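For clarity, every value in this text was computed on a predicted model and none was experimentally measured. Positions are given from 1 along the sequence.
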Amino acid sequence: MRPNPSASGAAADRTQAAGPAAVYAERLRQQEALAASTARLDFRLGAAKLALVLAWLLLAWLAVIGHYFSTQWLWLPTVVLIALFLAHDRTVRARTRADRLVTFYQGGVARLEDRWTGTGTAGDEFLDPHHAYSADLDLFGHGGLFELICRAATRMGQQRIAAWMLTPAPPAEILRRQEQVRLLAPNIELRERVAAVAADLNQSLNPARLQAWAVEPTRLCSVLGRIAAAAVGMLTVGLGIYGLASWSFTPFFVCVGFEWLVLMRTRAMYEPALADRGGNGAGLRLFAGVLECIPEPGPGAAGGPKALRQLAQLSDWVEACGSMMGKVLDFTVLYSLQLAFAADGWRRRHGAKIQAWLEAVAEFEALLSLSALAYERPDDPFPEVRAGATPEFCAERLRHPLLARAVSVPNSVQLDSATRILLVSGSNMSGKSTLMRTVGLNAVLAQMGAPVQAERLRMTPLAVGTRLRTADSLQLGRSGFYAEILRLRQIVALAQGPLPLLFLFDELLEGTNSHDRVQGAQGLIRALLEAPTLGLITTHDLALTQVAEGDPRVRNVHFEDQIQDQDVRFDHRLRPGVVTRSNALALMRIIGLEV
């Protein structure tokens, strides 16, 4: 999918004069006003419809039963009633669209005001506790990165965003995504149009089922068979008309019996073509509408909207197969068999293209989500991700992407050939774990193709592995320490993969005694330094900081705190060297625990 540069450029010209907050506030006001006006019109037209229906029934009674005037005069109120129904339907659709866009812009304002937590899609279903970093870095769940980023209304779009979060892209793909996101970022009208169209698609279309139905082998391939079925249907209708004219229905009932036999013999052939397509006509039309929003969908997705609308019309007819009218048509025109021929014909022409259409929509929604993030955070730069023989992660004034900018504290982190490992010491609540997640989340954003929360970030492609949260398991018979070393083994094994490893270890080997902790940490660090790795290790055990002695590639940094007026205060600034004091005893005294 390639965005239309001219469309995006025109949108950029319209929005450069105002920042995201002003644009969203103005558009929200417009949509709220439109929603209110269409709601009033909806009520009035609904009341008018009810009154006109009652008046029509009265006029019909006067004309048909009372003979007060000719029934020909009923055509005028009938035409007015039809026009009123059509106008009311347009009003309801306009009101629904306005309500959706009110929600759309309310979400945008909430994100700009840093009160977005709980307002979006959490993506809990994508959380894999065995993944190398997804649980530790708060990618999914309430207040996670997925909720911040995801604007996708479709299941395939949400899956694509989750996949991008969980799998680093190669540099060329990252660069391609960055270019597309830059072009799409100012195009608010495009995101608005997709939000209005795709709002109900997630509930009305099952992409996996649609694809499975589309690629199933077709069984009704005979042109002669389709012609014969059409001929039998026309013959039966003709004999029915003849029967009404001559009052002789024997030939008609013979044809009906023959059609019944045909349907019974071909049921196994035509029922799969009429099986669940993963969505009804409305869902397929929504799919076509989203696909139509893609400025340049590429050759694989070209022609998709028209074909999907044809399938939607066919699906509407298939829905009638189970009705009484459908049964009548089955024994007059072979209705189900005719539809099955049409469905199999559609699958032969377009079935192989469904995957390309689904892929196009998935990528389009994922790119739109990243473009919204880029538009709403104009100060966030795109990182420089380039292949290199030596792994590096060099960030200036790096911030936590999930924290409000007013409270997040920037810190610079430099990991390269000179400094491979940072040992981060400090007391509890000083910011060690937050720093780890800040580094990890920005690495994920960078390798998705998204902007990052930093003044500048330069890095090589890295496999991210974290050990920030581990717990014992009574069911599995594992202690907390055993669970930790299993996790460490999983992460260290990533260093043997195709990408260098960026590891983030919080309170390394905290489940054992200080002697074993130091010995184990020294051995682990030596092993990590032998492999292509970079990383951070935090601790509040000062004995562990001695591991950095004698190896310039391991550097000590720390966070400080201040005790003022019976209160502990943190500035969350990263400083060189080892922390020189602890707040544990002071905290115990402050809460009244005498030591």
Handout entry: Short N-O contact, Arg458 and Glu392, less than 4.0 angstrom
Key = yes
Problem - Close side-chain approach of Val23 to Tyr375, heavy-atom, < 4.5 Å - result: yes
Handout entry: Residue pairs passing the salt bridge (charged side-chain N to carboxylate O under 4.0 Å, His left out) test where at least one lies in residues 281-290, sequence neighbours excluded
Key = Arg285-Asp316
Problem - Contacts of type salt bridge (Lys or Arg N to Asp or Glu O under 4.0 Å), residue Asp380, not counting sequence neighbours - result: Arg405
Completion exercise
Applied to residues 137-147, the salt bridge (charged side-chain N to carboxylate O under 4.0 Å, His left out) test, sequence neighbours excluded, yields Asp138-Arg437, Asp138-Arg469
Problem - Inter- and intrachain pairs under salt bridge (charged side-chain N to carboxylate O under 4.0 Å, His left out), touching residues 438-456, at least two apart - result: Arg397-Glu455
Exercise for the section: Kindly indicate whether the side chain of Phe287, heavy atoms from C-beta on, has any atom under 4.5 Å from the side chain of Val361. Expected result: yes
Handout entry: Those residues that, when tested against Arg29, pass salt bridge (Lys or Arg N to Asp or Glu O under 4.0 Å) (two or more places apart)
Key = Glu26
Exercise for the section: Fit a plane to each ring of His131 and Tyr133, take the angle between them on a 0 to 90° scale, and name the class: parallel (under 30°), tilted (30 to 60°) or perpendicular (over 60°). Expected result: perpendicular
Fill in the blank from the handout: Taken in chain and number order and not counting sequence neighbours, the residues that satisfy side chain to side chain donor-acceptor pair (under 3.5 Å) with Gln313 are none
Exercise for the section: Report yes or no: do Thr91 and Asp42 form a side-chain donor-acceptor pair below 3.5 Å? Expected result: no
Problem - Residues in ring-ring contact (aromatic ring centres under 6.0 Å, His included) contact with Phe341, at least two apart in sequence or another chain - result: none
Handout entry: Any Leu422 side-chain heavy atom under 4.5 Å of Ile537 side chain
Key = no
Exercise for the section: Go through the structure and list residues passing salt bridge (Lys or Arg N to Asp or Glu O under 4.0 Å) with Arg160, not counting sequence neighbours. Expected result: Glu359, Glu363
Practice task
For the pair Arg111 and Glu113, find out whether any cationic side-chain nitrogen is under 4.0 Å from an anionic carboxylate oxygen.
Solution key: no
May I have the list of side-chain donor-acceptor pairs in residues 211-220 shorter than 3.5 Å, sequence neighbours left out?
residue, atom, partner, partner atom, Å
Gln211, NE2, Gln355, OE1, 2.4
Trp213, NE1, Ala273, O, 3.2
Arg219, NH1, Ala268, O, 2.9

Practice task
Look at Glu173 together with Arg176 and state whether they make a salt bridge at an N to O cut-off of under 4.0 Å.
Solution key: yes
Problem - Set of ring-ring contact (aromatic ring centres under 6.0 Å, His included) partners for His88, sequence neighbours left out - result: none
Anything under 3.5 Å between a donor and an acceptor, one on a side chain of residues 489-499, the other on a protein residue two or more places apart or in another chain? List them.
residue, atom, partner, partner atom, Å
Gln490, OE1, Arg487, NH1, 3.2
Gln490, NE2, His130, O, 2.8

Exercise for the section: Report the residues that fulfil side chain to side chain contact (heavy atoms under 4.5 Å, CB included) with Arg44, sequence neighbours left out, ordered by chain and then residue number. Expected result: Arg40
